[in-house]
Structures are given as structure tokens and as C-alpha cells.
Amino acid sequence: MSYSPSDIESKWQTKWSEQQAFEPLDDKSLEKKYILSMFPFPSGRLHMGHVRNYSIGDAMARYYRKQNYNVLHPIGWDAFGMPAENAAIKHGRHPKDWTYSNIAYMRKELKTLGLSFSETREFATCDELYTKWEQEFIIKMFEEKLLYRESTTVNWCEECHTVLANEQVEEGCCWRCDNEVELKEMPGYYLDIKKYADELLDDLKLLEGKWPSQVLAMQSNWIGKSQGLEFSFKLSDSSKEKLENKFEGFEVFTTRPDTIYGVTYTALAPEHPIVKALMKYELLDAEVIEKITAISNMTEVERAKAGKEGFDLGITVIHPLTNEEIPVWMANFVLASYGGGAVMSVPTHDERDFEFATQYNLPLKYVIEGGEEGEAYTGEGKLINSDELNGIKNSEAKVAVIKLFEEKNLGKGTTNYKLRNWGISRQRYWGAPIPFVHCESCGLVPEKVENLPIALPEDVEITGEGNPLENHPTWSTCACPKCGSDAKRETDTLDTFVQSSWYQFRYATDPKKWNECGIDKDDVNYWLGVDQYIGGIEHAILHLLYARFFTKALRDLGFIEDLKEPFENLLTQGMVLMDGAKMSKSKGNTVDPDALIEKYGADTARLFTLFAAPPQKELEWNDSAVEGAFRFIKKLYDRKSKVTSNEMPSIDQSSLNKEEKIARAKIYEALKKSVDVYEKTFAFNTLIASCMEALNALDKQQNEQVWTEGLYIITHLLEPIIPHVCAELSEELFKSKNLTSGKIEILEEVFVQDSITLGVAVNGKRRAEIEVDAGASKEEIIAMAKESIAKWLEGKNVVKEILVPKKMVNLVVK
RNA sequence: GCGGAUGUGGUGAAAUUGGUAUACACGCCAGACUUAGGAUCUGGUGCUUCACGGCGUGGAGGUUCGAGUCCUCUCAUCCGCACCA
């Protein structure tokens with residue numbers, strides 16, 4: 001019978017499901033592997049990126065399962081989020097209905113790919129049972145002061161009608177809809193991720209060599225730790241008076257204390273309290289006030305685009321070392337959210353300060369040797385014009401100045417981070433409600449744990465106008481959990497990234513306990529860290545940073561034990577491209593996985609995906625290469641007639657002819673390679689190539705035993721990649737023994753060939769090829785080599801003879 | 001600007017510790033079988049040259065008997081962050 005993928009694949013998918021073949025075992029004495037592909041958002045249909053992601057993960061899971069590991073390979077649904085609400089607005093469907101029916105459809109799609117997921121551990125993050133435990137964590141975080149509510153300037157996306165975290169703003173635009181983000185002052189809930197800044201940074205070291213260096217670098221940059229000096233400028237007496245003695249001065253942070261003597265002005269952010277006070281008391285021209293207000297309303301990106309702008313504030317401060325009087329400016333490039341919103345400006349040794357000073361004719365004072373007049377010198381050098389510090393290297397001066405300030409009690413060495421706290425409030429319906437209550441007398445009160453989950457009301461009108469929870473007639477009305485009086489329920493919902501920050505622990509928790517607890521410590525102790533995590537690079541900061549933070553926080557809150565990092569190893573898969581561009585509906589360059597499976601079968605889809613490029617690289621779609629993958633499977637299937645025994649034969653190597661020996665060697669080379677591929681490099685493309693070579697070599701000989709051994713090993717090796725056809729062949733030919741009896745031993749004897757082909761090079765340049773007996777001595781080989789390149793030796797002397805065993809001969813002549 | 005990567009045939013890509021560059025596949029060319037082929041099979045296929053040969057892993061040097069691989073410099077492309085003081 002010829003190869004019919006649809007029959008074979010549905011047969012095995014049914015069988016696996018009936019046998020619950022992919023459920024992890026309870027026995028914690030077994031060696032485990034936790035293989036996790038990032039869970040999908042239930043958008044409605046799978047795309048090729050999913051196929052790639054899950055094909056990679058499945059190959060690993062199946063490999064380890066075959067090596068008798070206890071394997072956890074779960075799947076679920078990252079199910080809250082905006083698109084569900086957008087669908088509701090557009091098509092009038094309830095988000096819940098839309099989400100769960102998408103899940104049902106995509107679950108079927110996943111099944112047709114033959115992925116070896118656990119079926120009992122599947123969940124959607126919008127399941128109320130999941131929300132329940134998440135709300136418990138949130139309350140605990142509030143109690144432990146890790147979560148707080150605050151009114152502050154936030155990133156607001158008008159299109160999505162919600163606040164965004166800093167991580168969700170890309171070049172000033174919303175990560176989801178690309179709408180320009182506005183600034184808005186409003187209350188919201190924050191997680192104190194900065195508390196973990198140092199640990200998040202330091203523990204990146206534990207991941208070196210296990211996570212892509214790019215991701216580590218991105219996280220490190222995002223945390224943005226910098227060390228320097230913090231000190232305050234005192235206002236001059238006249239300025240103090242001007243400000244009605246409301247301010248003594250202001251704090252600044254600098255990473256360049258070595259340039260302290262070069263300060264010629266200071267600059268404040270437009271949001272700085274002193275600037276606000278000056279405006280309030282109308283101590284600035286009306287025109288200036290207007291302009292500063294305009295800048296305040298601009299986003300950081302708009303300010304950057306606008307170029308530098310500033311105004312002399314008409315006040316002065318005293319230099320802490322020289323006691324000189326220094327002007328204070330407002331500058332649009334000073335960030336309110338970093339370093340106290342104020343800077344000391346050293347135009348001679350800082351590009352930005354230089355640009356600003358030139359623009360407004362502010363004085364320059366060089367304090368490091370080495371630069372040229374008329375530019376900012378940011379290099380190294382000795383100090384000048386710096387009193388007692390003159391002559392020392394600026395790198396040493398950094399430390400010296402901090403010490404000096406500390407001794408004189410003027411300031412202190414300190415650390416700053418770019419990382420900002422994680423704003424988790426979203427003004428949307430389709431999310432997990434934030435479980436707090438606003439009470440007139442008690443203030444902000446967490447819901448009682450026994451009342452969880454605080455579930456979403458289903459009878460809502462979703463129009464895109466305002467927050468449906470706020471508009472609901474009764475939902476937000478409640479009793480205060482503390483005093484019992486009338487109160488109002490919080491209508492903000494949690495950022496969806498909260499759900500994906502702990503799902504790895506939920507999977508690890510035995511589903512039999514899902515009603516009793518959110519996370520089971522023992523189960524997590526056994527299964528975590530995730531041995532291999534696989535997903536797209538687009539999550540390098542967002543999800544991966546949040547999940548790392550949550551792991552540390554949940555540990556400190558006692559929900560899990562002593563776990564530093566959730567994801568032990570990370571593989572970031574490349575994008576799937578077509579015509580050099582990312583596949584997307586709007587570009588119309590997509591391939592529908594369903595159609596692909598319909599035409600060629602899941603095995604072909606999986607084989608192509610893993611063969612066309614290594615998983616870390618981009619994958620360019622190629623229809624005819626898909627045909628090629630299909631042809632290979634067909635060929636493999638056709639060769640089943642060559643097998644004559646259902647046992648692994650024991651072959652007498654010495655009785656084989658040359659072609660038979662080559663075929664055997666190719667087979668065992670592939671077997672040898674497979675360990676590295678499956679456990680280390682994930683270069684599935686090279687393993688598949690080796691199997692193809694082995695099959696090509698088998699085709700060049702007729703020995704039934706070699707054929708039997710060959711197919712026994714090839715189907716064993718390829719089962720993680722093309723599981724259906726291999727399961728079918730294995731069952732029919734070998735009673736499935738090659739898939740169930742663990743490792744196959746590598747026989748070194750097969751690598752010994754009768755004769756070896758060696759390259760012959762003269763002065764490193766390849767000139768000829770010789771075939772030598774396997775047992776030939778060095779002398780014999782050199783003699784043959786010389787003969788083969790006789791014409792190159794005419795009139796020359798061989799000064800050196802190099803033999804690289806089994807590879808080549810190099811003769812150095814003069 | 002800072003950080004991270006990547007440059008190998010017509011294409012996707014291979015290449016243990018430095019050891020025959022281009023495995024495997026796609027495409028292309030030729031042939032076979034066919035009424036036909038966008039099916040299947042066989043063979044060929046880095047560039048250049050009539051040929052001997054020469055040249056070939058972005059470029060330039062270096063180390064070495066020998067470099068895609070190691071070192072120095074340089075160019076190009078991609079990705080991330082970006083006025084973080």
C-alpha cells in the first residue's frame with residue numbers, strides 16, 4: 001500500500017488519545033524533563049509560527065519520553081486580552097464565547113499535528129479557577145507591600161482604551177495596535193519589580209550559556225543599572241526666598257562625579273516640583289509657562305523628536321564644592337522618571353549638555369585633559385581645573401569624588417535603574433478582575449480570600465466606549481470586606497502578562513489539586529525549572545522578565561520553594577517568512593497549516609519545518625521544499641518492503657561488502673549525531689540530513705539485514721520529528737520495539753571501513769585523492785600520496801610530510 | 001550613540017579539537033519511461049578556462065605544514081534599546 005498520511009495520522013492520533021500516551025507520571029523518583037513551548041493566544045486559527053514552535057518542542061518531548069524520562073509537555077491558552085473584546089465590538093459576540101470556541105477549534109488543529117501534549121493539564125487563563133488563585137497571589141502581594149496603588153502619569157492608549165506598562169510601549173506606540181501613546185495622570189496598581197532589580201540582573205549570570213546572549217543582553221539593558229553619585233544642590237538665598245522658602249534645593253544623580261568641577265548649569269524636567277511651583281506662583285513669563293505646559297503634555301518620544309528646548313528659570317543654586325552660583329534651567333530632555341528629574345550639566349564632557357549649552361550660550365569649563373576646544377570630550381584623561389583633584393585620572397576621580405562627598409556629608413554613592421515598576425491595571429473587560437474594594441471609611445481593602453474568585457459578570461454590553469465593568473449597573477456595588485458598609489468594587493482588570501507569569505507552575509501542579517491550591521510546592525519542586533522553554537524572541541523582555549520576577553516574588557511569599565529561575569534553558573525560535581517578510585494576514589503572504597496538513601499530512605509539515613533551517617534561525621517558506629519533505633517520507637515508507645525480520649539483526653561486519661559497510665556507517669553516524677542534536681544543539685536539520693544520507697546509502701546495497709537494521713534505527717531517530725509514519729512503520733515492521741526499548745547502542749565497529757579515501761595536498765593545496773587500505777602504515781600512505789602527485793614534485797624536495805589520520809596527507813615541498 | 005547577532009553556490013543550508021569547503025535538500029540541465037507531465041527514475045550541477053590550470057566562505061592583514069574555523073583591523077546587513085545624565 002502506498003503512503004497515505006491521512007489514514008496513518010488519524011489512526012495514531014486516536015490511539016495516543018485513547019491510551020493517554022502523553023500524561024506525565026506521578027512517580028517523583030523518576031528522572032524528569034519539563035519541555036514547554038510558549039502557550040498560544042486563542043486567536044482563532046493556528047499559524048505557521050505555532051507549527052514551528054510546537055514541532056520543536058514536541059521533538060524534544062518525544063525524544064526524552066523515548067529515553068524513559070518522565071516528561072511534562074503541557075499546553076494551554078493565554079486567553080484573556082483585547083482581541084476578544086474587539087471581536088465582541090465587531091461581530092457582537094461575547095468575548096467568553098469567542099474565546100472558548102476559538103480554543104475548541106485550535107485544540108483540534110493542534111491534535112491534527114500529532115503533538116504529544118498532556119490532555120489533563122490543559123487550561124485557559126480565563127478559567128475562573130485560574131483567576132481565583134491569581135487573585136489570591138495579588139492579595140498576598142498587596143499585604144506584603146509588593147503591590148500598591150498610586151496615581152501617577154501613565155502611558156495611555158486611546159485606541160485600546162487602557163493603560164500600558166513601559167514594556168508595552170514601542171517607539172512611543174502601543175505594542176498591540178501601534179497607536180501613539182499619550183500621557184495621562186490616573187490611579188493604577190503597580191507591582192514593585194524594582195525591588196528585585198538587582199536579583200533579576202545578577203541571576204542573569206545563572207542563565208549564561210543557557211539562554212541566548214541576545215536575550216540576556218536585552219534584559220540587562222532594560223534593567224539598566226548604573227552607579228554614581230547622588231547629592232543635592234542648595235538654592236541660593238535669593239532663589240529660596242523667591243520660592244517662598246518651600247524648597248531647600250533639589251537632588252541630582254550623576255554617573256560622572258569626576259566632572260563635578262565642570263558643572264556650569266543645572267537642568268530640571270518640566271514635571272519637576274520646582275518648575276511646577278514657579279509656574280504656579282507665576283514667577284515665569286506667561287509665554288514660558290505656556291511653552292513648559294506644552295512640553296509637559298508631550299510624550300518622551302515627541303520630546304526627543306522636537307529637539308532640545310529649555311528656559312532659564314531665573315533661579316540659582318550653589319555648587320557644593322566651589323560655592324559658585326549656578327543657573328537653573330528647565331530642559332525638555334531631562335526625564336522626570338529617572339534620577340529625580342534633575343541633572344547637573346557638564347557641557348564640556350557630555351554631548352547632550354554641550355548641545356544645549358551651545359544653543360543657549362551657556363559657559364563651558366573643561367575639567368578633563370584630552371579633548372579639543374569646541375566639542376564635548378567624553379573620553380578618559382587627567383583632571384584639570386578641579387582644585388585638589390587636578391592631575392589624577394578621571395576614572396579614579398569618580399571614586400574620589402564620591403568619597404569626598406560622603407566625608408563632607410554632601411551626598412552619597414548610589415545606584416539607579418532604568419527599570420520602572422510594572423503597572424498592571426487595565427481599563428478593560430476581558431481580564432482578571434483586580435480583587436480590591438474601595439470603602440469610604442477603610443480605604444483600599446482586599447477581597448476576602450474565601451470570596452475568590454471575583455468573576456467577571458457575563459451580562460455586559462461591549463461597545464468600545466468606556467469600561468464595561470464600570471458601566472455595569474450592579475457588578476461593582478458590594479459590601480466592604482472589612483467593615484461591611486457599602487463599597488465599590490475595583491473595575492480595573494489585570495494585565496494579561498500576569499497570567500503568563502505563573503502558568504509554568506500551574507502546569508506542574510497535579511490537576512487533581514487544582515481545586516485546592518494554585519500551585520503545589522512539591523510538584524513544583526519536582527518539575528521546575530523548565531528544562532527547555534521554546535518561544536519567540538518578541539518576548540525577550542516583556543514576558544520573560546515578568547515571569548522571572550513572579551518566580552522570585554512567589555518564592556518570597558512562600559508559594560514556591562527556593563527556585564531562582566523558572567526557565568532553565570531558553571530557545572528562541574526564528575520567524576517564519578515568506579518572500580523575505582514575516583507572514584501576516586495584512587501582507588497576504590500566509591500559509592494555512594490546515595491546508596498544508598490536508599494536502600501532505602502533519603509529518604510533512606513537521607519535517608519541512610525542522611529541515612529547512614535550524615530552529616533559532618528565520619525560516620523561509622518554500623513550497624517545493626515542502627514537496628521534497630513529502631517525497632522523503634514517501635520513500636521511507638516505500639522501503640518497508642526491504643525489511644525481512646522484526647528483530648534488530650546481529651550483523652557480522654566482516655561478511656559485508658563495501659556498499660553495505662558504507663550504509664551501516666551512515667546509519668550509525670546518524671545515531672551518534674542524534675544525541676547531540678536532541679540534547680544540545682537542536683540542529684534537527686542536520687540530523688534529518690544524516691538520515692537522508694543513510695537512506696540514500698541503503699538504496700545502494702541489497703543486504704536484507706542491513707536494510708532491517710537501517711530502518712529500525714532511522715524510524716527510531718525520526719520518530720520525534722515525524723511521529724505518525726514512524727509509529728506506523730515501527731508497529732508493522734518491529735512490533736514497536738525500536739520505540740519502546742530505550743537507547744540503541746552505538747556499535748563502533750561499523751565505522752571501520754576496508755579502505756579509506758584520503759585527500760592529498762601539496763603545501764596545503766589539495767591536488768589528488770588516494771584510496772588506501774584501512775591498515776596501511778604511514779610509510780605506505782606517504783609513498784602512495786607522493787606517487788599520486790608526482791608531477792607536483794618534479795624538481796622539488798619534500799621537506800615535511802603530514803598525515804592526518806583518516807582525512808588527508810599534506811606534503812610540504814620546496 | 002549603546003548592546004546583540006549574522007555574512008559560505010542560483011536558493012535553504014552543512015562542515016568534532018584548525019585537517020579533502022559546499023554534506024543534505026530545493027532549483028536548474030540532460031537522459032529514461034510516458035499520449036502527456038508541474039508524476040516517477042537515472043546522471044550532472046561553485047566560478048572561470050578549449051585545456052593544463054587558476055580563483056573561491058563580505059574585505060585587508062596575521063599565526064600555521066594547513067584557516068570558513070584562531071588573532072588584529074575593516075565593511076555590510078539584521079535585531080533590540082535609545083536624550084537614563
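None of the values given here were measured: they were computed from a predicted structure. The sequence lines fix the lettering, A, B, ..., with proteins before strands; numbering per chain opens at 1.
Here the side chain of A:Asn696 is nearest to one of B:C24, B:G19, B:A85, namely B:C24. For A:Ala612, whose side chain is taken as the heavy atoms from C-beta onward, the closest listed nucleotide among B:G3, B:C81, B:G12 is B:G12. Distances from the side chain of A:Gln214 to the nucleotides B:C79, B:C81, B:C26 place B:C79 closest. Of the listed nucleotides (B:G4, B:G19, B:A13), B:G19 has the atom at the smallest distance from the side chain of A:Lys807. In the set B:A14, B:G19, B:G53, the nucleotide with an atom closest to the side chain of A:Trp792 is B:G53. Relative to the side chain of A:Lys634, the nucleotides B:C83, B:U40, B:G27 differ in distance, and B:U40 lies closest. Of the candidate nucleotides B:C24, B:C83, B:G4, B:C83 has the atom lying nearest to any side-chain atom of A:Lys308. Taking every side-chain heavy atom of A:Tyr338 into account, B:A85 is the closest of B:G3, B:A85, B:G53. With distances taken from any side-chain atom of A:Ala689 to the nucleotides B:C55, B:G4, B:A23, the minimum falls on B:A23. Closest to the side chain of A:Arg766, out of B:A21, B:A15, B:A85, is B:A21.
For the pair A:Met298 CE and B:C83 P, the computed distance is 13 Å after rounding to whole Å. Atom pair A:Glu620:CD and B:G10:C1' shows a separation of 14 Å (rounding to whole Å applied). If you take CH2 of A:Trp222 and C1' of B:G4, they are 16 Å apart, rounded to a whole angstrom. Note: CG (A:Leu619) to P (B:G12) measures 12 Å, nearest angstrom. B:C79 atom P lies 21 Å from atom CD of A:Gln219, rounded to whole Å. One interatomic measurement links the two molecules: CD of A:Glu627 to P of B:U40, which rounds to 8 Å at whole-angstrom precision.
Residue whose closest nucleotide on RNA chain B sits further toward the 5' end, between A:Ala613 and A:Ile802: A:Ala613. In terms of position on RNA chain B, the residue among A:Phe611 and A:Val760 whose nearest nucleotide sits closer to the 5' end is A:Val760.
You'll find the side chain of A:Tyr600 stays beyond 4.5 Å of the side chain of A:Ile633, heavy atoms only. Using a 4.5 Å heavy-atom cutoff, the side chains of A:Leu811 and A:Val809 are in contact.
Between the base of B:C65 and the side chain of A:Asn810 there is a donor-acceptor pair shorter than 3.5 Å.
No side-chain donor from either of A:Glu748 and A:Tyr668 sits under 3.5 Å from a side-chain acceptor of the other.
Counting only residues at least two apart or on different chains, the side chain to side chain donor-acceptor pair (under 3.5 Å) pairs with a member in residues 759-768 of chain A are A:Arg766-A:Glu769.
Side-chain atoms of A:Thr153 do not come within 3.5 Å of backbone N or O of A:Leu183 as any donor-acceptor pair.
Residues A:Phe549 and A:Trp222 keep their aromatic ring centres 6.0 Å or farther apart.
Using cut-offs of 30° and 60° for the angle between ring planes, the A:Tyr3 and A:Phe630 rings count as tilted. Below 30°, between 30° and 60°, or above 60°: for A:Tyr261 and A:His319 the angle between ring planes is below 30°, a parallel geometry.
Taking the O4'-C1'-N9-C4 or O4'-C1'-N1-C2 dihedral as appropriate, B:G61 has a value more than 90° from 0 and is therefore anti.
At a non-hydrogen distance threshold of 4.0 Å, A:Val343 from residues 340-351 of chain A come into contact with RNA chain B.
With pairs defined as Watson-Crick or G-U wobble and both atom distances under 3.5 Å, the stems of at least three pairs that touch RNA chain B come out as B:1-7 with B:75-81, B:10-12 with B:24-26, B:27-32 with B:40-45, B:46-48 with B:53-55, B:58-62 with B:70-74.
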Going through the distances and angles, do A:Thr414 and A:Asn416 end up as a side chain to side chain donor-acceptor pair (under 3.5 Å)? CA-CA 7 Å; A:Thr414 183; A:Asn416 251 310; 5.7 Å; no
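For NZ of A:Lys582, the number of neighbouring non-hydrogen atoms (other residues, nucleotides, ligands) closer than 6.0 Å is 12 at most.
A close approach under 4.0 Å does occur between a side-chain nitrogen or oxygen of A:Ser213 and OP1 or OP2 of B:A5.
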